[in-house]
Amino acid sequence: GQQLNQSPQSMFIQEGEDVSMNCTSSSIFNTWLWYKQDPGEGPVLLIALYKAGELTSNGRLTAQFGITRKDSFLNISASIPSDVGIYFCAGPTQGGSEKLVFGKGTKLTVNP
Amino acid sequence: ETGVTQSPTHLIKTRGQQVTLRCSSQSGHNTVSWYQQALGQGPQFIFQYYREEENGRGNFPPRFSGLQFPNYSSELNVNALELDDSALYLCASSPGGRNTGELFFGEGSRLTVL
C-alpha cells in the first residue's frame with residue numbers, strides 16, 4: 001500500500017533556528033499536505049501542494065512538491081516556541097482526495 | 001462557526017467490550033471521516049461517510065462500523081475490543097466536493113482497552 005516516510009523522526013533546536021523536514025514515498029502523489037498536531041489536539045492543515053514543482057509559503061513556513069511527485073519538504077524559518085508539535089505529511093489514498101495516508105510525523109522541540 | 005466536536009474525550013474499556021464514539025461535524029460540512037492514531041504514529045484512515053452512506057474504507061475489520069445522521073453528525077462503533085484498539089480516534093469533517101485534501105479535525109477520543 002501507499003506509505004509516506006518522514007525524516008527526521010524528531011528534532012531539537014534553539015529558538016531562532018531554521019528547520020527542514022521531508023517526506024518521501026515509493027508511490028506518486030498528486031497532492032501533498034502538511035499538517036501540524038499540537039499536544040491534545042487534532043491535526044491542522046498548514047500547507048497544501050497540488051502541482052509538481054510547486055513552492056508555497058504560509059508565513060514562516062515554506063513547502064515544496066517534488067518534481068518526481070514522490071517527495072515533499074517543509075521548511076520553518078526563525079523558529080519560535082509555539083512551533084513545537086508534530087508535523088505530518090499526508091497525501092490522498094487511491095480512494096480519493098479526502099481519504100488521506102499520513103506519515104509517522106516529525107516531532108519538533110524548540111528550546112527558548 | 002462551531003468546529004468539530006467529539007465525545008467522550010477519554011474512556012477506558014476492557015477487552016471484548018463495545019464502544020461508541022460520537023462526532024459533530026463543522027457547520028456546513030457534509031462529509032465525515034474517522035482516523036485511528038496509535039501512540040507515536042500518524043493517523044490511519046478508517047472510513048468516510050457522505051450523505052449517510054459509507055464512502056470508502058481503510059484496512060480495518062468489520063467490527064469497526066459507523067453511522068452518519070441527517071444532521072451530518074457521526075458515530076464510530078467498535079465491537080469486540082482488542083488491546084491494540086487502544087488509540088486516539090480522530091473525527092474529521094470537510095465540505096465535500098472541493099477535493100483539496102483539507103480536513104478539519106476534532107480533538108479526538110482517547111480509548112484505552114485493558
Side-chain angles (χ1 to χ4, degrees), chain A residues 1-10 21-25 29-51 54 56 58 63 65 69 72 74 85-108, chain B residues 3-7 9-10 21 23-26 29-51 53-60 66 68 74 87-110:
Chain A
Q2 295 170 294
Q3 279 191 316
L4 296 176
N5 303 304
Q6 286 190 248
S7 64
Q9 266 189 313
S10 61
M21 60 189 78
N22 74 332
C23 188
T24 61
S25 173
F29 282 83
N30 291 318
T31 299
W32 285 91
L33 306 156
W34 286 92
Y35 279 82
K36 182 192 178 197
Q37 187 173 27
D38 291 332
E41 305 283 333
V44 173
L45 183 67
L46 299 174
I47 291 182
L49 302 156
Y50 301 109
K51 192 186 298 185
E54 181 181 354
T56 297
N58 178 7
F65 189 146
R69 298 189 174 187
S72 176
L74 175 70
I86 304 177
Y87 292 79
F88 293 100
C89 62
T93 66
Q94 288 158 354
S97 62
E98 293 181 352
K99 305 169 184 107
L100 302 180
V101 57
F102 284 79
K104 292 186 176 181
T106 293
K107 185 175 181 179
L108 179 64
Chain B
V4 176
T5 58
Q6 294 187 240
S7 64
T9 53
H10 295 82
L21 308 177
C23 171
S24 293
S25 62
Q26 183 163 318
H29 289 186
N30 59 16
T31 302
V32 172
S33 304
W34 287 92
Y35 287 78
Q36 181 195 66
Q37 186 176 21
L39 202 60
Q41 303 292 316
Q44 189 173 355
F45 175 69
I46 303 175
F47 42 56
Q48 183 185 83
Y49 277 83
Y50 172 66
R51 292 186 174 178
E53 298 282 333
E54 186 179 292
N55 181 39
R57 187 180 187 92
N59 189 25
F60 281 81
Q68 186 180 33
S74 177
L88 181 68
Y89 288 86
L90 293 163
C91 172
S93 73
S94 55
R98 283 172 30 182
N99 296 322
T100 61
E102 181 172 17
L103 301 180
F104 296 81
F105 285 89
E107 294 182 350
S109 294
R110 184 164 295 284

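Quantities reported herein were computed from a predicted structural model and do not represent experimental measurements. We name chains A, B, ... by the order of the sequence lines, and we start the count at 1 in each one.
At a 4.5 Å heavy-atom cutoff, B:N59 makes no contact with chain A through either its backbone or its side chain. B:T9 does not touch chain A: none of its heavy atoms, backbone or side chain, sits under 4.5 Å away. For chain A, no part of B:Q6 is nearby; none of its heavy atoms comes within less than 4.5 Å. Heavy atoms closer than 4.5 Å to chain A are found nowhere in B:F104, neither backbone nor side chain. With a threshold of 4.5 angstrom between heavy atoms, A:Q6 does not approach chain B through any atom at all. Only the side chain of B:L90 comes within contact range of chain A, with at least one heavy atom under 4.5 Å from a heavy atom of that chain. At a 4.5 Å heavy-atom cutoff, B:Q44 makes no contact with chain A through either its backbone or its side chain.
Of the listed residues (B:V4, B:N55, B:L88), the greatest number of heavy-atom pairs within a distance under 4.5 Å of chain A belongs to B:N55. Between chain A and the options B:C91, B:S94, B:G58, B:S33, the largest number of non-hydrogen pairs under 4.5 Å is found for B:S94.
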- Message: What verdict does the side-chain contact (heavy atoms from CB on, under 4.5 Å) test give for A:L4 and A:F88, after you've listed the backbone C-alpha separation in whole Å, the side-chain angles of each residue and the deciding distance to 0.1 Å?
- Response: CA-CA 10 Å; A:L4 296 176; A:F88 293 100; over 6 Å; no

- Report the C-alpha separation of A:S25 and A:W32 in whole Å, then their side-chain angles, then the decisive distance to 0.1 Å, and conclude whether the side-chain contact (heavy atoms from CB on, under 4.5 Å) test is met. CA-CA 11 Å; A:S25 173; A:W32 285 91; 4.2 Å; yes

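Remark: the backbone N or O of A:P8 is paired with a side-chain donor or acceptor of A:T106 at under 3.5 angstrom. B:Y49 contributes no side-chain N or O that, together with a main-chain N or O of B:S74, makes up a donor-acceptor pair within less than 3.5 Å. The backbone N or O of A:L49 sits nowhere less than 3.5 Å from a side-chain atom of A:T56 that would complete a donor-acceptor pair. Looking at B:S25, its side chain never comes within 3.5 Å of a backbone N or O of B:V32 through a donor-acceptor pair.
For A:Q2, the CD atom counts as densely surrounded, since its 6.0 Å shell holds more than 12 non-hydrogen atoms of other residues, nucleotides or ligands.
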